[in-house]
Amino acid sequence: MSLPSFTATGAFISMAVSALPKVTRTGRYLYQEDGTRFYIKGIAYQEQGTVTSNDPTGFPEPTDYVDPLADANGCNRDLPYLKQLGVNTIRVYSVNSALNHDSCMQALSEAGIYVILDLALLVNGSIDRASPTWTSNLLDLYIGTIHAFSKYDNVLAYNVGNEVVTAPAESVSAPFIKAAVRDVKAYLKSKGSSALVSYSSTDGADAALADYLACDTDASSIDLYGLNVYRWCGDGSISNYNGIISDFQNYPIPAYFSEFGCIKSPPRLWTEVAALFGKQMVNEWSGGVAFSYFPAAEGYGMVTISSDGSSVTTSDDFTRLQTQYTAVSFINSPSRGTARGNTQAKCPAKTAFLASTTLPRTPVNDVCECMEKNAFSCVFSNTSSNNTAPILGELLNYACSQLDAVGGSCLHITADGATGSYGPFSVCSPATKVSYAFSQYYQRSGRQAASCDFSGNATVIHTAPTDADAADYAIISCAHAFPVGIKVPTDPTPTSPSTKGGATQTGSSNNNVPKNNGAAGFVDARGALITMAASIIGLAGGMFVLV
Ligand SMILES: *[C@@H]1O[C@H](CO)[C@@H](O)[C@H](O)[C@H]1NC(C)=O
Ligand SMILES: *[C@@H]1O[C@H](CO)[C@@H](O)[C@H](O)[C@H]1NC(C)=O
Ligand SMILES: *[C@@H]1O[C@H](CO)[C@@H](O)[C@H](O)[C@H]1NC(C)=O
Ligand SMILES: *[C@@H]1O[C@H](CO)[C@@H](O)[C@H](O)[C@H]1NC(C)=O
């Protein structure tokens, strides 16, 4: 198996025997090309990564991941079980675009299985709810993944985020999610791709979030709303779903359960499957993804894999889900002809929902590169550390507070999703923002060697502007040279093939995180742990309140 080459796009398509029918949306439902209504009957398919956290109270949040679609042997091993289960979709949370996915994607396609692919990665590859921005490094990551998967016929949807907003106060992250949707959609459109763009929400995060993500223009709206739902425990009843059925009665786009499968009243009977695909729910919901194929913390897994990775043992959970999934017969209504056309939701009133409807610019790196070249005098040097994400957050907080103290500010690199004010350089990567703060501080404190140290994390650039006014002028000039706007992202620059041969990559996200909204008392330790990690990375709230 060779590494993918960016020039080989399309090679796979010609190899494919027959393409899976395209799934598109009309109004609030999904349809196949022949007009048959499409339902997602899926399972989450991502092995849990290495857990290094030793926080005794926290959910063991993985710090790396195994790309399941780059593991040809694993896919071959699992495919008979996926077929046995009767799924038509898998949800995959983390992939490495530098690896080759041809074998798995082709095998899945031949088995009639679509993929819902999350674009975020762990730790520094997702929109950080503690300090939300939509930055050039994230855009590059997302576009790189889409580019690598654009040759496959069975990507049903690209998911731009999972559980970024977990509480009403975090709705200030929503403009960045919507900006990601806008930019990903523009890119897909430019490639002629009909893949859907989706978001997966925590159940109970904020009712208005669903409306917000589907409001205003089609260009900035998701095509598919995912809700991670763990309300039906044991032998529950349709009343467990009362609230969410009524909430989605007038929702303008398709919605599905992007995770389901409560483990709180074992054994899992999966009786919610009949409800989800039955008459009482199909007006509002288009199926769901059971969590999870692979073993997952807290008992969500449905199979075990032998230690040599060669064989699969299914659990009773698996068998019961198979029974329920096999019994489903899709209700083919309404017909596409009678489905109401694509309409937009009204954006939620600002009083109830904190997010501004003003979105940040497309985070193309040109404005950042201009500033790096022309205005930086003291930059972040990362030679001493290989775990830069938390260090960058810490350094940024510190440098901005130092800068504040000498009369400067980090306003130019700050994004505020509540007011809709976005500094011209708030789209830059975390490392560039740190260098901005270092440089500003260094300039304003008289270019003393000691002002460009930051415990050994900073390096002086000798070709830089020699005074603060010249640096400020260069910064303003860059902001003017690359005005705020919406742009169609371009293809990633071809890179030399990755030397990382294995499927295990270090990365991170808000991913692999089933969210429980069941009875009170369940500590969503995963959420807590992520939030904790995020706030280390993030900027302390008050830091950027400039007077
Ligand atoms: C995350 O951090 C790693 C290690 O510093 C880096 O290689 C990677 O590019 C970063 N990812 C993003 C999306 O910034
Ligand atoms: C760290 O340094 C390496 C090598 O100089 C560079 O490729 C990488 O982009 C840097 N990462 C960050 C986050 O600055
Ligand atoms: C990162 O740092 C740790 C501890 O210093 C070291 O063991 C590890 O090999 C380093 N990893 C890389 C990729 O440099
Ligand atoms: C860089 O900054 C981090 C975080 O403040 C600190 O732990 C580290 O000691 C600094 N210096 C070096 C050389 O990494």
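Counting starts at 1 for both ligands and their atoms, following the listed order. What you see below is based on every heavy atom in this structure, not just the backbone, and it leaves out hydrogens, waters and symmetry mates.
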Could you list which atoms of ligand 1 come closer than 4.0 Å to a heavy atom of N137? 12 (C), 13 (C), 14 (O)
With atoms numbered from 1 as shown, which atoms in ligand 1 lie under 4.0 angstrom from a non-hydrogen atom of N124? 1 (C), 2 (O), 3 (C), 8 (C), 10 (C), 11 (N), 12 (C), 13 (C), 14 (O)
To the nearest 0.5 Å, what is the distance between CG on L117 and CZ on R91? 10.0 Å
Numbered atoms and elements of ligand 4 in range of I391, under 4.0 angstrom, heavy atoms: 2 (O), 3 (C), 4 (C)
Find all atoms of ligand 4 within a distance of less than 4.0 Å from any non-hydrogen atom belonging to E394, and give their numbers and elements. 4 (C), 5 (O)
Does any N or O in the side chain of N374 come within less than 3.5 Å of the main-chain N or O of C370, such that one atom is a donor and the other an acceptor? yes
Just list the side-chain donor-acceptor pairs under 3.5 Å for residues 138-145, sequence neighbours left out, or say none.
| unit_1 | atom_1 | unit_2 | atom_2 | d |
| --- | --- | --- | --- | --- |
| Y142 | OH | V160 | O | 2.8 |
| T145 | OG1 | L141 | O | 3.1 |

Tell me whether the centres of the aromatic rings in H101 and F149 are closer together than 6.0 Å. yes
